[in-house]
Amino acid sequence: MRGEGGFALVVTLLVTALLVALSAEFVNEVYVDTSLSHNFVDGQQASILASSGVDGGMALLKFNLALQPNYTTLADQWAKPLNLEDERGKITVTIEEESAKLDLNKMAPATGDLDSAGFYYATAVALVKKLGLSTDLWDALADWVDTNDEPHPGGAESSYYVTLKPPYAARNAPLDSVEELGLVKGFTGEVMAKLLPFVTVYGESSSTMAAAPVNINTAPKELLASLQVGSTAMTDSLAEQVIEYRKTTPFKNPQDLANVPGMGAVAIGLQTYVTTKGSVFRIRSEARVRETRRVVEAVVRMSGTTPAVLYWREY
């Protein structure tokens with residue numbers, strides 16, 4: 001009898017342990033399912049919030065550009081980060097003007113002849129030197145976009161890219177986005193981090209070679225100091241004077257550049273290649289709902305009655 005009682009006790013303990021384990025697993029599954037459900041809902045809400053941030057950015061730009069139609073500056077309301085927070089989550093919106101950057105699609109023509117790019121190529125060379133980067137980058141980019149298969153001295157054509165893993169071919173067409181640079185020889189993560197604040201593929205127009213001017217009201221010092229037309233070139237000291245001047249007196253037309261002390265012939269040489277107003281902007285909207293984060297980046301052309309979306313990315 002004692003043996004039977006002991007065996008029954010063991011069975012009871014085993015059954016109890018099994019029930020406890022099953023209960024724990026059930027509770028864990030319910031918790032995981034509930035967490036996944038909450039995360040999904042949070043993700044959807046964060047996506048909606050981030051998208052609404054882009055809409056808000058476009059509305060702010062439209063208002064600012066209507067209020068001040070002749071020029072855009074870093075003192076404008078759109079240039080200041082926008083932070084909103086309530087019980088549902090938090091959203092941060094930042095806006096950059098693409099005209100404050102150098103258009104790489106103007107720098108690298110379809111013919112592959114970099115010298116024909118004039119101002120754009122000369123400025124691009126000065127810029128990478130100032131950033132401590134190699135000028136071979138522009139050889140590689142020229143080969144990426146041109147329509148021939150003859151590599152520049154520091155470049156690479158499809159014969160190089162097909163040896164990579166995974167293999168791919170050179171685009172042989174203008175860049176669609178600045179992120180595409182990551183596919184081009186030499187454009188490592190470190191290079192991209194240094195270069196991206198100063199370059200774009202969204203110029204004001206694409207009809208003529210001089211149709212992607214740089215906005216002297218919003219361009220960073222490094223790019224201003226790199227502006228060059230032939231033997232006419234900006235310097236670090238002139239770039240600093242431009243920045244000091246525009247803090248109190250925004251440039252309202254390219255001719256105003258001559259008002260900066262010491263500018264002289266540089267102002268005349270650059271007039272065709274600079275502007276005082278941009279119409280293409282990059283809006284970055286980051287939303288958080290509890291622990292979930294979503295970011296939407298959009299490039300919009302703010303001309304006409306309806307903004308045109310040139311690029312949209314969510315991650």
Side-chain angles (χ1 to χ4, degrees), residues 57-82 94-103 106 118-120 122-123 126-127 197-200 202-230 232-283 299-308 310:
M58 286 191 286
L60 178 60
L61 283 166
K62 188 173 183 179
F63 174 78
N64 272 192
L65 295 176
L67 190 66
Q68 190 171 274
N70 297 323
Y71 57 94
T72 49
T73 79
L74 294 176
D76 296 344
Q77 190 62 42
W78 62 261
K80 300 175 176 62
L82 178 64
T94 56
I95 302 176
E96 295 180 346
E97 186 183 297
E98 293 298 289
S99 301
K101 307 171 186 178
L102 184 70
D103 188 346
K106 298 298 183 185
F119 161 79
Y120 298 97
T123 298
L127 178 62
F198 310 104
V199 297
T200 183
Y202 305 104
E204 290 298 313
S205 177
S206 58
S207 57
T208 67
M209 204 59 192
V214 175
N215 188 348
I216 50 178
N217 279 321
T218 55
K221 176 186 171 182
E222 293 86 348
L223 181 55
L224 285 174
S226 301
L227 300 181
Q228 185 169 334
V229 182
T232 303
M234 288 276 274
T235 63
D236 288 341
S237 60
L238 285 176
E240 289 174 359
Q241 290 189 63
V242 168
I243 291 173
E244 288 302 313
Y245 184 93
R246 74 189 189 188
K247 286 179 180 178
T248 56
T249 311
F251 297 102
K252 296 183 180 179
N253 59 70
Q255 291 74 29
D256 287 349
L257 193 59
N259 296 333
V260 177
M263 195 61 67
V266 177
I268 297 173
L270 290 176
Q271 279 186 17
T272 308
Y273 301 98
V274 298
T275 186
T276 58
K277 178 186 177 181
S279 64
V280 183
F281 300 84
R282 180 180 293 268
I283 305 173
V299 176
V300 296
R301 188 182 300 278
M302 301 297 298
S303 57
T305 55
T306 304
L310 308 179

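The figures here come from the full heavy-atom set of this structure, side chains too, leaving out hydrogens, waters and symmetry mates.
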**Message:** side-chain contact (heavy atoms from CB on, under 4.5 Å), that's the test. Do Lys252 and Lys277 meet it? Break it down for me.
**Reply:** CA-CA 8 Å; Lys252 296 183 180 179; Lys277 178 186 177 181; over 6 Å; no

**Prompt:** Where do Ile216 and Thr276 land on the side-chain contact (heavy atoms from CB on, under 4.5 Å) test, with the steps shown first?
**Reply:** CA-CA 6 Å; Ile216 50 178; Thr276 58; 4.3 Å; yes

**Request:** Check the pair Gln77, Leu67 against side-chain contact (heavy atoms from CB on, under 4.5 Å), reporting the backbone distance first and the verdict last.
**Result:** CA-CA 11 Å; Gln77 190 62 42; Leu67 190 66; over 6 Å; no

**Request:** Begin from the C-alpha positions of Gln271 and Leu257 and carry the test side-chain contact (heavy atoms from CB on, under 4.5 Å) through to its verdict.
**Result:** CA-CA 8 Å; Gln271 279 186 17; Leu257 193 59; over 6 Å; no

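Judged as a salt bridge (Lys or Arg N to Asp or Glu O under 4.0 Å), not a single pair has a partner in residues 58-82 (not counting sequence neighbours).
Evaluation of the side-chain hydrogen bond (donor to acceptor under 3.5 Å, both in side chains) rule for Asp236 yields Lys130 as partners, not counting sequence neighbours. Residues satisfying the side-chain hydrogen bond (donor to acceptor under 3.5 Å, both in side chains) criterion with Ser303, sequence neighbours excluded, are absent altogether. Take Thr200 and apply the side-chain contact (heavy atoms from CB on, under 4.5 Å) test, not counting sequence neighbours, and it matches Glu98, Lys101, Asp103, Tyr202. Applying the ring-ring contact (aromatic ring centres under 6.0 Å, His included) criterion to Phe119, with sequence neighbours excluded, gives Tyr273. Every residue two or more places apart in sequence or in another chain was checked for a side-chain hydrogen bond (donor to acceptor under 3.5 Å, both in side chains) with Thr248, and none qualifies. For Ser99, the side-chain contact (heavy atoms from CB on, under 4.5 Å) partners are Glu97, Glu204, Asn215, not counting sequence neighbours. Every residue meeting the side-chain contact (heavy atoms from CB on, under 4.5 Å) condition with Ala233, not counting sequence neighbours, appears here in chain and number order: Gln228. Among residues two or more places apart in sequence or in another chain, the side-chain contact (heavy atoms from CB on, under 4.5 Å) test is passed with Ile243 by Lys221, Leu224, Arg246, Lys247. By the ring-ring contact (aromatic ring centres under 6.0 Å, His included) test, Tyr245 pairs with Phe251, sequence neighbours left out.
Contact between Pro69 and Ala66 at its shortest, heavy atoms only, is CD-O, 3.9 Å. Nearest heavy atoms, Ala212 versus Gly203: CB-CA, 3.9 Å. Across all their heavy atoms, Pro81 and Thr94 have their closest contact at CB-CG2, 4.1 Å. The two atoms that bring Phe198 and Pro220 nearest to each other are CD2-CG, 3.5 Å, heavy atoms only. In this structure, Val274 and Pro254 approach most closely via the heavy-atom pair O-CG, 3.5 Å. The two residues Thr72 and Gln68 have their closest heavy-atom pair at CA-NE2, 4.3 Å.
When the options Leu65, Val299, Leu60 are evaluated for a side chain to side chain contact (heavy atoms under 4.5 Å, CB included) with Phe281, the one that passes is Leu65.
Between the CD1 atom in Ile95 and the CG atom in Leu61 there is a gap of 4.0 Å [rounded to 0.5 Å]. Interatomic distance, CG of Asp256 versus CE of Met263, reported as 11.5 Å (0.5 Å rounding). Note that CD of Gln255 and CD1 of Ile268 are 10.5 Å apart. Values are rounded to the nearest 0.5 Å.
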